[in-house]
Every structure is written in C-alpha cells, then in structure tokens.
Asker: 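Let me give you the structure first, and then I'll get to my questions.
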There are 2 protein chains.
Amino acid sequence: MYDRLQSHIARLADLTDEEFAFLKTLFIPKKLRRKHDLLQEGDVCKYIAFVDKGLLRTYTVDSKGTEHIIQFALEGWWTSDLYSYLTSEPSGYTIEALEDSELLLLELKNMERMVEVVPKMERYLRILLQNNYIATHRRIVLSLSQSAEEKYTEFLQRYPEIVQRVPQHMIASYLGITPAFLSRIRARKHTTD
Amino acid sequence: MYDRLQSHIARLADLTDEEFAFLKTLFIPKKLRRKHDLLQEGDVCKYIAFVDKGLLRTYTVDSKGTEHIIQFALEGWWTSDLYSYLTSEPSGYTIEALEDSELLLLELKNMERMVEVVPKMERYLRILLQNNYIATHRRIVLSLSQSAEEKYTEFLQRYPEIVQRVPQHMIASYLGITPAFLSRIRARKHTTD
C-alpha cells in the first residue's frame with residue numbers, strides 16, 4: 001500500500017530504495033471505515049495522513065449547528081489540520097471518512113525524524129507546504145469573489161471525481177451555498193451545456 | 001548588510017562560509033525610502049524581501065476606499081505577497097515602507113537556484129513556510145474570536161516595537177477596529193495598568 005506514496009514522493013525527491021524503505025517504517029497504516037473520524041474537534045491533530053484509498057472530508061460546525069466543509073481529500077492527497085499538528089493546540093475541525101479509506105499516518109516526531117535521516121525530504125515538504133499555501137489562498141479569494149455558479153463550474157472542472165463520489169449537499173456545503181440553490185444551478189447547466 | 005540575514009539562516013541551517021558567500025550573490029540589495037512601495041496592487045510580486053533595516057506594511061484597499069493592513073514587517077522579518085510570488089498572478093496588495101528601509105530581495109528563479117546549489121536551504125524555507133502558516137492561521141482565528149481589547153493587549157505584548165514605531169491609526173487598521181475605539185482602549189489601559 002506504499003506504491004502511491006512512493007510515486008507521489010518521487011515527483012519531488014529522488015530517493016534510493018533504502019531511503020524509501022526507511023521512510024515506510026515511520027508511517028502507521030490505518031484503515032478507517034466510512035463515517036468514522038480521523039480527528040475530532042477539540043482534540044490535537046496528531047497526524048498528517050496520506051490517502052492511499054478512499055475519500056475524507058474536513059468540516060467545522062458553527063454556533064447554529066451548521067456544518068461547513070473546509071476540504072475534501074482523495075487518493076494521493078494529504079489531509080490534516082496542519083495548524084493543530086504543528087502547534088499541538090486543539091483542533092477546531094473534524095476529519096471524517098466519507099468512504100472506507102486506507103491511510104498512512106505520520107506523527108510530527110516521525111516527520112522530524114524523516115528529514116533528519118533523509119534530508120532530501122525537506123524539498124518534498126517545502127513544496128507540499130507551498131502548494132497548500134497556494135490552494136488555501138485561492139480558496140479564500142475565490143469564495144469571496146466568485147458567484148455561486150462560477151464556484152460550482154470551477155469545482156466541477158477541477159474535481160470531477162469528487163462531484164461523482166460525494167452527495168450534492170456536501171458539495172453545496174463546501175461551496176458555501178444552499179443545496180436548493182445548487183440544484184437550480186445544476187438544472188440550468190444541464191439545459192445549457 | 002548581510003549579517004542579520006546570515007544569523008537568521010544560521011538558526012535553521014548550518015552553512016559554510018563558501019555557501020553563504022554564494023547565497024549573497026543571489027540577493028539584490030535595495031534601499032527603499034519612507035512612503036515608497038516595494039509592490040503595488042495589480043503587479044506581480046517578483047521578490048521575497050528580507051528586512052535588514054526599517055519597517056514596512058502590507059495593505060489592501062476595499063471597494064469603499066478603506067485601507068486594511070494585513071501585515072507589518074520589521075528588521076529580521078521576511079515580507080512578500082507569497083501567493084503572487086509563487087503563482088505569478090497579480091497581487092491584491094501594496095507593500096510600502098513606513099520608515100527608510102534596507103532590503104535584500106530574492107527573485108523566484110534565485111530561490112530555486114539557492115536550493116539547487118545549497119540543498120540545506122530547503123530546511124530553512126520549509127520552516128519559514130510552516131511559521132508563516134501558523135502565524136496566518138492564528139491571525140485569522142484571533143481576529144474572529146477576540147474582542148478589540150484582547151486584540152490590542154495581545155498585539156502590545158507580542159510586538160511592542162511596532163506599537164512604538166507605527167502611528168496609532170495603522171495599529172487600528174491592522175486590528176480591524178476604529179482609531180477612536182483604539183484610543184478609548186488605550187485610555188482605559190493607562191488607568192488600570
């Protein structure tokens with residue numbers, strides 16, 4: 001179950017087989033059944049998780065009890081509450097499996113050990129952080145500047161697989177629009193596409 | 001003028017004198033007079049800037065013409081619009097010197113060259129990005145959860161030097177409160193401290 005992780009790393013860092021063999025010893029493989037949580041709000045996020053199989057969502061619940069989805073994570077993505085992970089402060093998020101999932105978990109002390117023993121992994125982590133920064137920033141700017149219809153169109157183009165695998169009301173929650181409004185947008189698109 | 005940068009890097013990466021001598025060739029020294037801009041809204045941010053001397057602010061202007069200060073940067077800090085720098089998209093921010101400043105500028109292609117020639121710098125960049133992530137996240141959460149008075153008290157404790165060197169109305173803009181309200185908070189604190 002390390003093949004996907006190995007090719008993900010290979011795009012950014014040129015490891016020997018020995019180095020990757022060592023890396024494997026740092027990860028905890030974890031099967032997470034659908035509807036079960038990797039992280040619960042109020043707990044410290046102890047892991048960054050590489051998704052080998054499955055699909056997860058990160059969400060928060062506001063004071064009115066409404067869920068807001070912050071992020072989805074598919075095969076080949078990393079997911080975590082990075083802030084809680086890096087600072088050991090309690091998380092404001094819950095991370096839940098939407099499908100039966102298989103994860104590779106990396107604790108902070110093992111991330112530190114990883115770059116200590118295999119300094120080439122600094123580059124991998126640096127570029128992951130950069131990409132995370134870009135994606136987070138883009139998500140904030142677009143959520144402020146785009147219309148609901150533009151948001152949905154872009155989401156559909158960028159993440160067609162998530163649209164296939166996730167219930168519509170969760171897409172609406174991620175985009176910050178009501179499910180009814182999303183249905184109307186979808187109906188309009190089917191007529192005009 | 002590279003001493004401050006050298007000791008900043010030395011905290012995270014153990015460079016030889018030759019390596020640091022090479023690094024110096026990648027930076028562009030720049031003097032920026034007070035009230036002059038390092039970056040203007042609408043332009044692509046071409047540099048990350050290490051502040052050797054002086055003080056800068058990053059701000060944006062809303063549709064009503066009101067300025068919002070996103071960040072200050074003092075001696076020993078890095079400043080940039082990292083999103084624009086990494087993506088080459090136009091920036092929504094202006095970065096302006098509030099005092100006569102001396103900067104060391106690093107273009108993206110030179111940042112790439114830096115880690116190519118001195119891979120140890122990957123660690124430095126990775127940890128800078130992590131700290132930036134933590135600071136940004138903390139700023140967002142605190143701006144949503146703290147009262148105006150708590151915000152000011154924390155700012156005062158964390159950045160006493162900025163409070164000394166920056167006009168009050170800019171501190172108010174950074175904290176998202178009106179200058180009049182900040183004056184009242186300050187008056188109260190002087191009475192009770």
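In what follows, every chain begins at residue 1, and chains take the letters A, B, ... in the order their sequences are listed.
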Asker: Does atom CZ of B/Arg138 have more than 12 heavy-atom neighbours from other groups under 6.0 Å away?
Answerer: yes
Asker: Can A/Val163 and A/Tyr152 be said to form a side chain to side chain contact (heavy atoms under 4.5 Å, CB included), step by step?
Answerer: CA-CA 10 Å; A/Val163 178; A/Tyr152 180 68; 4.1 Å; yes
Asker: Name, in order of residue number, those residues of residues 84-94 of chain B that have a heavy atom at a distance of less than 4.5 Å from a heavy atom in chain A; otherwise write 'none'.
Answerer: B/Leu86, B/Thr87, B/Glu89, B/Tyr93
Asker: Spell out the residues in residues 12-32 of chain A that have some non-hydrogen atom less than 4.5 Å away from a non-hydrogen atom of chain B, in order of number; otherwise answer 'none'.
Answerer: none
Asker: To the nearest 0.5 angstrom, please state how far the NZ atom of A/Lys151 sits from the CZ atom of A/Arg139.
Answerer: 8.5 Å
Asker: How close do B/Leu142 and B/Glu154 get, counting heavy atoms only, and between which atoms?
Answerer: CD1-OE2, 3.2 Å
Asker: If I take atom OG from residue A/Ser145 and atom CD1 from residue A/Ile140, how far apart are they, to the nearest 0.5 angstrom?
Answerer: 11.5 Å
Asker: Would you say B/Gln146's side chain and B/Ser143's backbone share a donor-acceptor pair under 3.5 angstrom?
Answerer: no
Asker: Which residues in residues 101-136 of chain A have any heavy atom closer than 4.5 Å to a heavy atom of chain B?
Answerer: A/Met111, A/Val115, A/Glu122, A/Arg123, A/Leu125, A/Arg126, A/Leu129, A/Gln130, A/Asn132, A/Tyr133, A/Ile134
Asker: So A/Ile171 and A/Leu182, side chain to side chain contact (heavy atoms under 4.5 Å, CB included) or not? Walk me through it.
Answerer: CA-CA 8 Å; A/Ile171 308 287; A/Leu182 181 58; 4.0 Å; yes
Asker: What residues of residues 45-77 of chain A sit under 4.5 Å from chain B when only non-hydrogen atoms are counted?
Answerer: none
Asker: Run the numbers on B/Arg165 and B/Glu99 for salt bridge (charged side-chain N to carboxylate O under 4.0 Å, His left out), then give the verdict.
Answerer: CA-CA 9 Å; B/Arg165 288 163 63 179; B/Glu99 299 175 359; 2.8 Å; yes
Asker: Enter the distance from A/Leu38:CG to A/Ile95:CD1 here, rounded to the nearest 0.5 Å.
Answerer: 5.0 Å
Asker: Kindly determine whether B/Asp43 and B/Gln40 satisfy side chain to side chain contact (heavy atoms under 4.5 Å, CB included), including the steps that lead there.
Answerer: CA-CA 6 Å; B/Asp43 292 345; B/Gln40 290 182 355; 3.8 Å; yes
Asker: Look only at the side chain of A/Asp100 and the backbone of A/Arg33, and say whether a donor-acceptor pair between them is shorter than 3.5 Å.
Answerer: no
Asker: Would A/Trp78 end up clustered with A/Ile162 when hydrophobic side chains under 4.5 Å apart are linked, directly or stepwise?
Answerer: no
Asker: Check whether any side-chain heavy atom of B/Met170 lies under 4.5 Å from a side-chain heavy atom of B/Pro167, and answer yes or no.
Answerer: yes
Asker: Which is it for A/Arg34 and A/Leu98 under the side chain to side chain contact (heavy atoms under 4.5 Å, CB included) test, yes or no, and what are the steps along the way?
Answerer: CA-CA 5 Å; A/Arg34 182 170 174 267; A/Leu98 296 178; 5.9 Å; no
Asker: If you round to the nearest 0.5 Å, how far is CD of B/Glu149 from CG of B/Leu175?
Answerer: 12.0 Å
Asker: What's the separation between atom CD in A/Glu41 and atom CG in A/Asp81, rounded to the nearest 0.5 Å?
Answerer: 10.5 Å
